[in-house]
Q: 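Quick one: structure below, then a few questions.
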There are 4 protein chains.
Amino acid sequence: MKTLNMAMIGAGRMGLAHARVLSGLAECRVVRVVDTLAQNAERVAVELGAKASTHLEDAFQPDVDAVIITTPTPTHAEVVEAAARAGKAIFVEKPIAESLEAGRRVVAAVERTGVPCQVGFQRRYDPAYVRAKEMIERGELGRLEGIRLVGRDPYLPKLDFLKTSGGLLVDMGIHDLDSARFLVGEVAEVYAVGGALAEPELKQYGLFDTAVATLRFESGAVGTLEVALRTAYGYDIRCEVLGEKGRIHIERDRRPDLTFYDERGGNFDRPRNFEQRFPEAYAAEMVAFARNLHAGKPLEPGVRDAWYSLRLAKAAQHALETGQVVGVKEFGGEL
Amino acid sequence: MKTLNMAMIGAGRMGLAHARVLSGLAECRVVRVVDTLAQNAERVAVELGAKASTHLEDAFQPDVDAVIITTPTPTHAEVVEAAARAGKAIFVEKPIAESLEAGRRVVAAVERTGVPCQVGFQRRYDPAYVRAKEMIERGELGRLEGIRLVGRDPYLPKLDFLKTSGGLLVDMGIHDLDSARFLVGEVAEVYAVGGALAEPELKQYGLFDTAVATLRFESGAVGTLEVALRTAYGYDIRCEVLGEKGRIHIERDRRPDLTFYDERGGNFDRPRNFEQRFPEAYAAEMVAFARNLHAGKPLEPGVRDAWYSLRLAKAAQHALETGQVVGVKEFGGEL
Amino acid sequence: MKTLNMAMIGAGRMGLAHARVLSGLAECRVVRVVDTLAQNAERVAVELGAKASTHLEDAFQPDVDAVIITTPTPTHAEVVEAAARAGKAIFVEKPIAESLEAGRRVVAAVERTGVPCQVGFQRRYDPAYVRAKEMIERGELGRLEGIRLVGRDPYLPKLDFLKTSGGLLVDMGIHDLDSARFLVGEVAEVYAVGGALAEPELKQYGLFDTAVATLRFESGAVGTLEVALRTAYGYDIRCEVLGEKGRIHIERDRRPDLTFYDERGGNFDRPRNFEQRFPEAYAAEMVAFARNLHAGKPLEPGVRDAWYSLRLAKAAQHALETGQVVGVKEFGGEL
Amino acid sequence: MKTLNMAMIGAGRMGLAHARVLSGLAECRVVRVVDTLAQNAERVAVELGAKASTHLEDAFQPDVDAVIITTPTPTHAEVVEAAARAGKAIFVEKPIAESLEAGRRVVAAVERTGVPCQVGFQRRYDPAYVRAKEMIERGELGRLEGIRLVGRDPYLPKLDFLKTSGGLLVDMGIHDLDSARFLVGEVAEVYAVGGALAEPELKQYGLFDTAVATLRFESGAVGTLEVALRTAYGYDIRCEVLGEKGRIHIERDRRPDLTFYDERGGNFDRPRNFEQRFPEAYAAEMVAFARNLHAGKPLEPGVRDAWYSLRLAKAAQHALETGQVVGVKEFGGEL
């Protein structure tokens with residue numbers, strides 16, 4: 001088996017999560033870890049047996065085949081551009097950029113240099129979503145009529161992060177909105193309403209921790225989206241696609257496959273975070289990245305695809321903030 | 001046990017459904033069945049061992065303690081008013097009237113005459129909804145943050161019915177919207193989008209068979225609603241309440257409690273219509289009607305409560321038809 | 001609808017359970033309640049609006065069409081014989097008699113007098129068991145290979161009851177063993193092992209509160225049985241039939257259709273006793289009793305069928321008490 | 001991360017299954033593959049990038065730290081002994097030997113040489129079994145009262161394999177019986193009955209494809225076991241532990257987390273073989289093997305533990321073949 005030598009750029013929470021998965025995969029070897037904070041870089045590098053550095057250019061050394069970019073969103077565009085110039089294959093966490101304009105620059109840089117680039121919408125690699133996609137493509141649902149998306153995180157991130165995250169529907173809702181595009185198609189129009197229900201203090205900063213939205217697809221199908229930054233009961237990601245011939249329901253309700261029955265009734269553990277919900281997906285997207293690179297096959301999803309998910313997320317966030325029904329194309333334009 | 005002597009007014013589909021339940025209940029005896037179509041009245045009367053008639057006044061004879069009104073919605077107001085004048089206790093199917101104005105007349109007639117009157121929102125008597133209400137009132141969810149409602153019917157009604165039904169969100173969505181009020185509270189604002197996805201022909205009549213909506217409650221909580229007139233997979237009613245401390249999920253996924261495993265995997269039967277989903281609720285609302293009448297206790301839900309559910313449903317339908325965000329109070333006024 | 005006038009003979013726990021169901025059924029009217037304890041008879045009679053008596057012969061008055069026999073098991077034979085002589089239709093709780101010999105007398109009395117007689121194996125009327133039977137008869141499982149039965153009660157009965165109950169596998173296991181016969185066929189051989197695990201004190205009386213058994217059917221199929229008098233988590237009845245083409249699994253895991261998710265995970269209520277598990281079955285067996293009587297149709301299951309279930313239960317109990325593999329036919333003989 | 005260099009000995013079905021898992025694990029590197037059939041060795045070696053050989057001694061070269069023994073059961077004793085003499089760390093598939101006597105030699109060889117040795121009871125590494133063990137050890141079930149084990153394979157192995165496999169309860173049932181020992185403790189007595197129900201032709205060879213058994217534990221707890229070589233509906237492994245305070249139920253009912261609802265009801269995919277049921281467990285046992293070796297920690301389960309599981313399986317098989325109740329200690333003696 002061929003091993004892909006990688007540099008991880010960004011060793012924060014998401015970098016650590018990827019590192020844990022990558023450390024167990026035979027096909028991926030992280031040889032360098034770069035973070036502007038030396039202690040972050042060191043912590044992950046030690047765990048992975050890699051070299052730590054605080055200099056971005058170290059990620060582009062000759063011993064590196066590909067980079068994993070898990071820096072904060074505002075830096076994505078710049079780092080992807082640098083990696084593309086350096087001719088490295090790229091895996092970048094979602095969203096590809098902070099703004100649609102920066103996203104356009106990312107797409108241009110990747111397409112100009114021709115480096116392979118995959119974006120971290122990991123649900124596209126979850127076994128249930130993969131199977132849903134196959135069923136839809138085989139026509140088992142018939143004409144698609146709607147989708148229902150639920151995305152709920154267990155804990156509020158820090159206020160500082162929230163202020164720069166781009167907003168609830170961009171930073172978090174983009175996963176669900178990307179699933180909507182992946183499974184049903186392009187969205188024409190979005191409306192959203194929400195509030196600071198879990199943490200009223202967020203209101204003074206114009207931030208939302210909860211939002212519900214309606215989606216109207218170009219095909220005429222309609223959908224709902226519910227996103228919340230905090231629940232009392234753990235991480236909760238659901239997706240339901242409704243078609244002419246039936247309905248697909250995706251939900252991981254328990255972890256592991258154990259139910260405990262006592263005087264209170266039946267009880268089961270649930271996934272408490274994305275690492276517990278999507279372990280197969282995080283591994284699968286990296287294995288696919290390594291294998292497709294070695295085989296010279298296209299990477300999925302690419303930056304162009306990811307830009308359209310960003311456009312949709314930005315439109316939804318705009319609807320949430322303005323209380324207006326937003327036309328997605330009118331709002332965000334084209335690539 | 002005391003038996004309540006009843007006249008059933010309206011022997012169509014809903015009358016027949018109630019008749020089947022009533023025929024097995026020791027506390028309720030239907031002694032008269034009235035329908036403008038003699039054959040409808042006869043069919044149900046034979047099944048119940050009752051007298052059939054085509055004259056409304058026969059429902060108000062001295063041998064009748066209470067009337068069950070299951071006539072078409074446009075006639076509800078008039079029939080309730082007549083029953084109230086006759087001094088009979090009333091059970092009337094939802095919605096209480098075709099228009100908010102007619103609904104106001106119903107409330108006035110009932111309150112003026114003082115006859116007991118219960119409205120047929122049967123979900124309020126389903127064991128799962130009853131338990132949800134108890135848990136909410138005991139504070140087990142903490143502060144309520146949201147609700148998710150799904151209501152899907154298995155078969156398209158006839159076009160003639162649809163044209164006079166008041167619209168998808170009034171005729172059908174009112175059940176879900178009443179659940180929202182019952183469990184979470186009053187809705188301040190509603191937005192909806194939909195289409196004629198299952199039956200495109202409906203479009204030319206300005207009718208919808210599918211709608212999704214967002215709800216903003218007076219408390220600040222938010223919710224989504226999905227209503228469809230037809231699914232390929234049977235009847236589907238779900239309700240989920242999200243609170244500070246946890247989440248309630250109500251769904252009847254299988255009927256009966258049997259799973260069949262074969263080479264295709266696991267398979268189970270689902271409820272295919274409201275009679276299979278809500279048998280306990282239809283019986284319980286009638287038993288409560290009979291027992292509370294005999295005990296002189298108030299009936300639940302009453303006409304006043306039902307008028308507010310109608311107001312919400314009308315507002316939602318208006319949002320659906322106009323594409324506007326609709327303020328519920330501004331739209332419908334007060335009683 | 002025709003109403004069947006009934007006398008209830010025996011107003012203890014099981015009589016009370018039936019009374020609660022019967023009180024709500026329009027087709028059944030209990031007009032007399034007989035119990036040797038006047039206060040028992042009174043309590044149930046008041047609830048049912050019936051006449052109470054302590055004299056058995058009052059159950060056979062002309063105003064009575066049928067009797068419901070829910071006296072202690074040791075009296076079943078004698079009471080059934082008396083009712084048969086009086087020419088009354090009979091519903092008798094399981095088991096039909098304390099001993100196989102007494103059971104033979106019951107069968108003889110019923111067949112000699114020709115009175116209709118139904119035995120209270122209510123699971124045969126539960127929607128899931130009914131559907132399982134239909135699937136098996138339609139050949140959906142192919143050749144049957146096995147069965148797995150679990151029967152667990154929530155609370156230990158009183159010691160006095162246990163001493164005269166005939167033993168764990170007769171009093172309680174007979175329900176599961178009757179299901180085995182109903183769904184798969186006759187059992188050739190049984191082996192059992194158990195103990196006084198929930199209440200060690202039972203050991204000194206030679207009593208068991210827990211037993212597991214293997215079944216070998218005449219067809220060659222094999223099965224397991226687990227019976228326990230007490231669990232910490234409520235009532236638990238499961239049945240699984242394994243065939244060449246698939247597997248049926250029957251289990252009522254939750255009550256009502258509500259799941260609560262909180263920081264501990266997912267939680268649901270379970271049935272805590274037979275009244276919560278089998279409400280439809282208790283009502284359905286009585287409605288079938290009344291309707292089949294009125295229609296002159298045979299009653300199911302009859303005394304002959306019930307005697308074979310008793311024979312199997314006695315053989316299983318013998319296996320449990322002696323530690324021997326027991327041939328059912330050799331042990332119990334034929335009718 | 002340290003990588004363990006391994007030689008795989010035996011490249012048949014089970015070897016291939018392990019190879020697929022090992023190929024993705026960063027901590028394990030298979031450098032040599034040995035099989036008496038050159039084509040088997042080649043096939044797996046190519047997949048793993050390892051050297052193929054048909055000579056056992058090649059597995060003991062200096063570049064090898066540890067061996068994975070997945071040869072047919074009758075050869076286990078001899079190969080383990082050779083590996084122990086060579087001083088290699090050992091992972092050997094269950095059962096450790098064909099006979100109790102050969103098993104004693106295996107234990108002696110391992111303990112004499114002091115090589116670390118782990119036996120492939122992978123369920124002990126499945127997340128659900130791990131959690132069950134933890135709950136039991138923390139006392140959440142209170143005193144244990146019983147266990148129910150179900151083990152069903154999807155396809156009949158070849159007749160030639162079956163004839164030399166040691167019997168249904170040794171080759172296959174040993175997994176369930178090891179789980180019984182792992183979770184509840186030692187078994188005192190076993191009884192079993194079965195047949196050739198799925199494939200009647202097996203009968204002429206004295207073989208069983210289906211068996212049910214009762215277990216009496218030394219603690220007094222009782223249990224049932226059901227094992228079948230073939231089902232129509234896929235692989236099915238269940239385990240249920242009953243205690244004074246509650247019940248644990250382990251079952252993987254669906255794969256992946258997707259339900260499809262159509263006009264037939266609800267449908268879900270199930271695991272079809274051990275690779276689909278236990279992917280986490282197969283990876284976890286190898287990762288534990290590599291990590292514990294590097295850390296100098298004891299391996300679990302060891303040969304001594306595995307011998308007692310073999311003793312229990314042999315006793316159960318003896319019960320099945322003779323129709324006798326078998327005392328486990330009397331039957332198999334001690335180490």
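First the proteins, then the strands, lettered A, B, ... as listed; each starts at 1. The basis for the numbers below is simple: all heavy atoms, side chains too, and nothing from hydrogens, waters or symmetry mates.
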Q: Which atoms of C/Q324 come close to chain D, meaning under 4.5 Å heavy atom to heavy atom: side chain ones, backbone ones, both, or neither?
A: neither
Q: Which of residues 148-167 of chain C have a heavy atom under 4.5 Å from any heavy atom of chain D?
A: C/R148, C/V150, C/R152
Q: Looking at D/R13, I'd like to know if its CZ atom is crowded, meaning that more than 12 non-hydrogen atoms belonging to other residues, nucleotides or ligands lie closer than 6.0 Å.
A: no
Q: If you check every heavy atom in residues 232-247 of chain C against those of chain D, which residues fall under 4.5 Å?
A: C/A232, C/Y233, C/D236, C/R238, C/E240, C/L242, C/E244, C/K245, C/G246, C/R247
Q: Could you have a look at D/A228, D/A198, D/G195 and say which one has the most heavy-atom pairs with chain C under 4.5 angstrom?
A: D/A198
Q: List in chain and number order the residues that pass ring-ring contact (aromatic ring centres under 6.0 Å, His included) with D/H249, two or more places apart in sequence or in another chain; answer none if no residue qualifies.
A: none
Q: In residues 204-212 of chain C, which residues are in contact with chain D at a heavy-atom separation under 4.5 Å?
A: C/T210, C/V212
Q: Any idea which heavy atoms bring C/L225 and D/T224 closest together, and the distance?
A: O-CG2, 4.2 Å
Q: May I ask you to name which of C/A221, C/G223, C/A192 has the most heavy-atom pairs under 4.5 Å with chain D?
A: C/G223
Q: First locate atom CG of D/L197, then atom CD of C/E145, and finally report the distance between them rounded to the nearest 0.5 Å.
A: 6.0 Å
Q: Of the backbone (N, CA, C, O) and the side chain (C-beta and beyond), which part of D/A213 lies under 4.5 Å from a heavy atom of chain C, both, or neither?
A: backbone
Q: Does CD belonging to C/E186 count more than 12 external heavy atoms closer than 6.0 Å?
A: yes
Q: Do you know which of C/L141, C/V193, C/T231 has the most heavy-atom pairs with chain D at a distance under 4.5 angstrom?
A: C/V193
Q: Which bit of C/A196 is near chain D, if near means a heavy-atom gap under 4.5 Å: side chain, backbone, both or neither?
A: neither
